[in-house]
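Since the structure comes first, as C-alpha cells, the remarks are kept for the end.
Every value quoted in this text rests on a predicted model; they were computed, and no experiment measured them. Residue numbers begin at 1 in each chain, while the letters A, B, ... track the order of the sequences. Values below: all heavy atoms of this structure, side chains included; hydrogens, waters and symmetry mates excluded.
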Amino acid sequence: MQHDYFPRYEPKTAVGRWFDSRLPLTRLMYDSFVAYPVPRNLNYFYTFGGILSVMLVVQIVTGVVLAMHYVPHEDFAFDSIEHIMRDVNYGWLLRYIHSNGASMFFLAAYIHIFRGLYFGSYKEPREILWILGVVIFLLMIATAFFGYVLPWGQMSFWAATVITNLFSAIPLVGENIVTWLLGGFAVGQPTLNRFYSLHYLLPFMIAGVVALHVWALHVTGQTNPTGIEVKSKQDVVPFTPHATIKDAFAMTVFLILFAWFVFYLPNYLGHADNYQKADPLVTPAHIVPEWYLLPFYAVLRAVPSKLLGVVLMFGSIAVLFILPWLDTSRVRSANYRPLYRQFFWIFVAVCIGLGYLGAKPAEGGYVIAARILTTYYFAHFFLILPLLGLFENPRPRPASIADSVLKPADEVSGAPAAAGGVAAPETRG
Amino acid sequence: MTQSTTADLGADAPDAETEATRRDFLLIATGAFAAVGAAAAVWPFIHQMNPDASALALSSIEVDISSIEEGQAITVMWQGKPVAIRYRTAAEMEEARATPVDDLADPVARNDNLDPAAPASDENRSVPGREQWLIMLKVCTHLGCIPLDEAGDYGGWFCPCHGSHYDTAGRIRIGPAPENMAIPPFEFLDETFVRIG
Ligand code: HEM
Ligand code: FES
C-alpha cells in the first residue's frame, strides 16, 4: 500500500538519530503501527487480527509459567495439573486462562477467517497473506492438540490415540508412521514427552509466521468493507490513534467475555472425562474433541471409508489454500454480491451444523446429516464459488472508500452506474 | 558461452572449455556430496523418534490362563496395548461359524500365526486344536479405541468411538473400521501358560 499519506518516523533526539542509523527498529514500529494508513471505513470485524496477536501472547506467557510446574511424565502429569490447581499460588487462574485462552483464540480465529471469506480478503493481491493465515490456523490446531494431551486425562489420552491413528490410513507406510509419531506401539511416556516439546515449540513458530503475515499485510494493505482499494489520502486514516483505539476497545470487550469464562464457567468448554486420569484399558463412551475442532471431526466420521474420511478431513482445511483461485468473481466484498452473500450465510450455517453433528454420536440420522453437510461444504468451494463468479450480477460499487462513507447511501449506489451509463461488463464476475 | 565467442578465442578455446567443464563437475560433485551429507545428518533426528531399545525389549509376555472359565475373558497388556484372552462358549463359536466368509467386510484372517493371506473363517481366528480360545488385540482397527466386550449388533465387540461392530470372532461387520482385530503371535506353552509375542 502507498505509504506516504502520513508523516513517517522522524527521530527527535540525538540518541534517537544515533540508534535509527544503526538499527531502524523504532522506525519500523512507528511506520507500521502509527503512521501506517488504514482504510477509514473498517468495522469491528477488522479488530480480530489485533485480538489474535494478544491471545498468542497470553497463551505464551501463561504457558511458560505453567511449564514451571507441569511434569511431562505419564505417572505424574495428571497429578501435576491437580498440583497446579490446588497448591501453586494462583495456579488455578493461570491454568484456567491458558485452557480457556485456547478456546478464545480459536473463537477469534474463526471470526477473523469468516471476515476474510465475507469481504473477499483472499483475493488478488492478498493470496500469500491468506495462505500464511491458513498455515497459522494449521499450526494452531496442532498446538492445541498437543496441549490438550498434556493434562493426561482420559480425553487427552484417547484424543492422542485417535488423532495419531489417523495417519495409519496412509497406504503402505501408515503403521510405521504411527509408531514413529508415538515412539512406541501405543500412546505412552515417549508420546507425552515429545508432545510437550512440540507444544512448547509451535507457538513460537506461530509467532514467526504471524510476523510474515503482518509483513504481507503491510505490503498489500488491508481490505475494507467496500472491497475497493485505497485510492487517495481521503480514503485512509493513520493507524494511531484511529485503529489503535478501536482495536483496544474491541479487545476490552473480548477480554470481558474471556474473563467471564475464566471466572464463572472455567470448565464449561471442557469435558468432565478429562478430570479422570488416562486409562489405556478403557475408552470413554463418547470421545469428542474440543468444540473448535468438531466440524472437522464430523467430516471424518461422515465417511464410511477410513482413508477417504481422513483425506476429506484434511481436505476441508486444505481447500482454503486454493480458495483464491476457486472464487472467480472479481468483486471482492459480499456487500456487493447479492447471491454470494446468501451462500456465505448458508456456508456459515453448514459449518455450525457440522460442529453440532461432530458432538453427536456417529449413528443413524446424525451420520446422514453429516454426509449431506459435508457434501455441501465441498460443493461450496468447488461448485458454487466458481460458478457464482460467472453468473452473479454484482451491485454497483461506490467510486471510492471516501465516497461510500461521505455520500448518502442512495447516491453512492446510484452514482457510478449513472455516471458511465454502464452496469458494465467489467463490473460483472 | 556462445558459438561466436568460442570461434573468436581461436586456439585458446578448447582449453577454456575444458576448464569450464571441470569446474562444473567440481561444483556438481561438491553439491551432491553436501546434499548426501545433509540428508545423512537429518536421519538421527528422525530416527530418534522411533521406539527406543527399552520399548522394543518388552516384546513378549507369559500369561496364566488356568483360571479362565468358559464364557469368561481377561485383558492383559502387551506392548502397551490390551490383548483380550477369551474362552469362548460353543454358542459364540457356532454363531461365528455360521457366517460365510463372503459376508465379511474384511475377508483376511489377520492372524500372525497363519499365512498372511488366510481367509477370515472362524477357525483361522485361533490356532488348530485350541479353537475355543480367541486371543486378540482389543484395539479397534479404525482409530485405535478399545471396543466394549459383548456388545454391538453381532454380540462380539462394539467400538463406541465411531460405531464399529465386531462379531464373536472379532471380525469387523459394520462401521468405519477396515480390518478384523489383529491376532498377535502366541503359543500355548502348556495347559496353564500362553506366551504372547
Ligand atoms: C498457540 C498457543 C497455545 C495454545 C493454543 C495452547 C493450548 C493448550 C491447551 C488446549 C492445553 C490444555 C489445557 C487443559 O485442558 O488443561 C494446554 C496445556 C498446556 N500448555 Fe499450552 N497452548 C499454547 C501455548 C503454550 C506455550 C507457549 C507453552 C509454554 C511452554 C504452553 C504450555 C502448556 C502447558 C505446560 C500445559 C499443561 C498444563 C495445562 O493443561 O493447563 N502452552 N495448552
Ligand atoms: S476407533 Fe473404533 S470406530 Fe473409530
Interchain contact, B:Leu148 with chain A, by part (heavy-atom threshold 4.5 Å)
neither

Quick check on the interface: out of A:Gly183, A:Ala186, A:Gly188, A:Gly184, who has the most heavy-atom pairs with chain B under 4.5 Å?
A:Gly183

With rounding to the nearest 0.5 Å, note down the distance linking OG1 in A:Thr179 to CD in B:Gln79.
9.5 Å

Under 3.5 Å donor-acceptor, B:Lys81 side chain and A:Phe185 backbone
yes

Contacting moiety of A:Ile163, where chain B heavy atoms sit under 4.5 Å:
neither

A:Trp180 (side chain) donor-acceptor with B:Ile46 (main chain) under 3.5 angstrom
yes

CG-NE2 distance between A:Leu300 and B:His162, expressed to the nearest 0.5 angstrom
6.0 Å

Quick one, A:Arg301 and B:Pro176 - any side-chain contact, counting heavy atoms below 4.5 Å?
no

Would you call B:Pro178 and A:Lys306 a side-chain contact if the rule is heavy atoms closer than 4.5 Å?
yes

So do the side chains of A:Thr161 and B:Cys145 get within less than 4.5 Å of each other, counting heavy atoms only?
no

Between B:Gly175, B:Cys161, B:Ala177, which has the largest tally of heavy atom pairs under 4.5 Å with chain A?
B:Cys161

Measure A:Phe157 against the heavy atoms of chain B and call it side chain, backbone, both or neither at under 4.5 Å.
neither

With heavy-atom distances below 4.5 Å as the criterion, would you say the side chains of A:Leu281 and B:Ile146 are in contact?
no

Heavy-atom distance under 4.5 Å to chain B: side chain of A:Ser168, backbone, both or neither?
side chain

Name the option with the most non-hydrogen atom pairs under 4.5 Å to chain B; the candidates are A:Ala169, A:Ala285, A:Ser305.
A:Ala285

The reported gap from CZ in A:Phe167 to CG in B:Leu143 (rounded to nearest 0.5 angstrom) is 11.0 Å

Can you name the closest pair of heavy atoms from A:Pro284 and B:Pro160 and give their distance?
O-CG, 4.2 Å

Go through the atoms of A:Pro190 and report whether side chain, backbone, both or neither lie under 4.5 Å from a heavy atom of chain B.
neither

Just checking B:Gln48: does its CD atom have more than 12 heavy atoms from other residues, nucleotides or ligands closer to it than 6.0 angstrom?
yes

